[in-house]
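One structure below.
As the structure is a computational prediction, the values presented were derived from the model and not from experiment. Lettering of chains follows the sequences in order, A, B, ..., and the numbering in each one begins at 1.
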Amino acid sequence: MSELKRTAQCGSLRAANIGEEVVLSGWVNRRRDHGGLIFVDLRDRSGLVQVVFNQELSAEALKVAESIRGEFVLTIRGQVIGRVPEAVNPRMATGEVEVVCSEIEILNTARTPVFDSADGIHVDENVRLKHRYLDLRRPEMQQNMILRHRVTMAMRQFLDSRDFLEIETPMLTRSTPEGARDYLVPSRVNPGHFFALPQSPQIYKQMLMVSGMERYFQIARCFRDEDLRADRQPEFTQLDMEMSFVDREDVRRLIEELMQHVFLESLGRKLPDSFPIITYQDAMDRYGSDRPDLRFGMELVTIGDLMENTGFQVFSSVLQKGGQIKGINARGCAGYSRRDIDSLMEVTSTYGAKGLAWIAFTGEEIKSPIRKFLSEEEMEAIRQRLDAQDGDLLLFVADTPKVVAAALGALRIELAHRLDLIDPDELNFAWVVDFPLFEYDPAEKRYVAIHHMFTAPHPEDLELLDSDPLQVRAQAYDLILNGIELGGGSIRIHRSDLQQKVFDLVGLTREEAREKFGFMLDAFQFGAPPHGGVAFGLDRMIMLMRNRESIRDVIAFPKTQSASDLMMDAPGTVDDRQLQELFIRLNLPAAQKG
RNA sequence: GGCCCCGUGGUGUAGGGGUUAACACGUCGGCCUGUCACGCCGAAGAUCGUCGGUUCAAAUCCGAUCGGGGUCGCCA
């Protein structure tokens, strides 16, 4: 090993260190060779510092420095000196000083890097993922990992101070009905039987409550075998928590304090004392989303009641079928071209809207393809309802409530981006509460739990379980940040009879319920305390804190959209022996054989 | 499963039927004692993701396929 032992961090050197002798270790970020004088920007996790190799000071070190290249790994000894005023580099944190090298050791050479270890590079994600170890050398990516670490440390610190226990739950567990597709793991010693990787530690943490652990948390890896997105990976991390003897307010209050602590400790950001609460119904009505971005207005406004007697066929037929007509006011957009509006239409059609009606108040005239179908009075009523001023563009969707909400909700977000209505520095937290417990799945002709089957119904709505299950509100709460769902939770069912009732409602037969959840129904009969909890998507949270557009940037080794790891080349095939041991025979479609 | 975008030296891009496949960065060699995206001189490096088709001629047009990304469905 090297005889030179590191004594300082490159990025930490300042004018105060002038005169010190230091030993630095790191990577060659850049080399500038002037002949008898060579500058090397040496990089470690802390940052960069300029190292000088000088003919006069150490001809020997200079000679070695001539051979070094980008990304070589060095240890150098040298003296920190101040730069003359003209040579100060104000763009560098260490720009007031430099290190004059007296001794150098090359710890390792490096092949020509595939791409530069600098920020702001535009390299195909393909290439970045294949050489992830190089991508993670970039300061930007290092900062992502560092923040992630700080956040999880702050979480642990806070939860420990509030008497939570960090308890690990199994990764090898059992496939359960409902929810996402499971990742399966065959069991060698139980031929034909499979473990499932957990989609969340939900049931285990509830069992821990029955066990009297009272307060649990875990920074838990979760697995879901579904299609990926910018904010969805097949394995992801949740801060998972559960508490006994709490109600919704207790949970909300604790989470607010947790977030305040975490954002202050890791980002130095002070959050409001409490977060606003919006009901699910309100969120859907006003923003067309159960995770509304509240950083801007542009609320959805209904005009259905104004169109009850309209002669406009499209509107009247939608109303007859029980649909809705809603609109938003895109302020100042009356000048939008046909092409602009077409592109908005593309947004709404993605969500199933068959059309996008519009009215532009240009100031001189009212431009609209539906003007000829509407009476003067209707036009004026619409104008007043949406508070349309000269220069405004009104946009309408008429369809089922689901399509109207999805289409206009998405249009609202799209317009906010186009109109630059969003302050990128804002951190807008809000709670969404009073979700329905169930929705009806017409394809399967049964009720489906919106949150999950263990969510407790609102106590006021208990009788409705028998008469009108769709009207039952859940004791659930989602926390949203800037229009993205950070996490959610609920007060859980802790009584066996109520849990059985919910199983019945979602169409589980008594036999299935017994087979899959018998232990749970039993456990609830042995003194289960009332309990509730929450789970947060850690990846999404870090993504938002770092202003990234994909959680891949805050996960050290993420998967591609086709759920593969380009660096490891996983998943891979296994040899026949392994399959035989597991009693598994492949049955691949013809195209994939051989 | 559907729709959309992308694939050209190591990296980022240009080129849209006939080009010596262009440019920047990087790389290699030479020169250089105050640079910090160092500079100057010179050089190497690409059968244009893959397969097939159209054509006298394909990086370019068509089809398929593979890979990456976005999104709807799916997923909480």
Of the listed nucleotides [options], the one nearest the side chain of [X]:
X	options	value
A:Tyr351	B:C75, B:G12, B:U71	B:U71
A:Arg91	B:A37, B:U35, B:G73	B:A37
A:Arg69	B:G34, B:C28, B:A76	B:C28
A:His34	B:A76, B:G10, B:C38	B:C38
A:Glu226	B:C75, B:C72, B:G12	B:C75

*Taking only Lys NZ, Arg NE, NH1 and NH2, and the carboxylate oxygens of Asp or Glu, determine whether A:Asp240 and A:Lys205 approach each other closer than 4.0 Å.*
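Yes, charged N to carboxylate O under 4.0 Å.
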*Should the pair A:Glu66-A:Arg31 be classified as a salt bridge under the 4.0 Å nitrogen-to-oxygen rule?*
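Here A:Glu66 does not pair with A:Arg31 in a salt bridge, since their nearest N and O are not under 4.0 Å apart.
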*Quantified in whole Å, what is the P atom distance between nucleotide B:A59 and nucleotide B:G49?*
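The same atom, P, in both gives a distance of 10 Å.
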*Tell whether A:Arg232 reaches the base of B:C75 with its side chain through a donor-acceptor pair below 3.5 angstrom.*
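Such a pair is found, so the answer is yes.
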*Could you tell me whether the side chain of A:Arg83 has a donor or acceptor atom within less than 3.5 Å of a complementary atom in the base of B:C36?*
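Check passes, donor-acceptor contact within cut-off.
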Is any side-chain N or O of [X] closer than 4.0 Å to OP1 or OP2 of [N]?
X	N	result
A:Thr560	B:G67	no
A:Gln199	B:C75	no
A:Arg552	B:G70	yes
A:Arg229	B:C72	yes

Starting at atom [atom1] of [X], determine the distance to atom [atom2] of [N], rounded to an integer number of angstrom.
X	N	atom1	atom2	value
A:Leu37	B:G39	CG	C1'	13 Å
A:Gln561	B:C5	CD	P	15 Å
A:Lys130	B:G10	NZ	P	12 Å

*Anti or syn - B:G16, cut at 90° from 0*: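 Classified syn.
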_Nucleotide forming a Watson-Crick or wobble pair with B:C3, both distances under 3.5 Å_ =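 Base partner found: B:G70.
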*Counting only heavy atoms not in A:Lys516, do more than 12 sit closer than 6.0 Å to its NZ atom?*
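Yes.
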*Got more than 12 heavy atoms from elsewhere within 6.0 Å of CD, A:Gln238?*
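Counting neighbours around CD of A:Gln238, more than 12 heavy atoms of other residues, nucleotides or ligands fall under 6.0 Å, so yes.
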Mind checking [X] for me? I need base, sugar-phosphate or nothing, with any heavy atom below 4.0 Å counting as a touch.
X	result
A:Asp124	sugar-phosphate
A:Asp225	nothing
A:Ala180	sugar-phosphate

*Do A:Met209 and A:His494 have side chains that get closer than 4.5 Å, going by heavy atoms?*
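Heavy-atom side-chain distance check fails, nothing below 4.5 Å.
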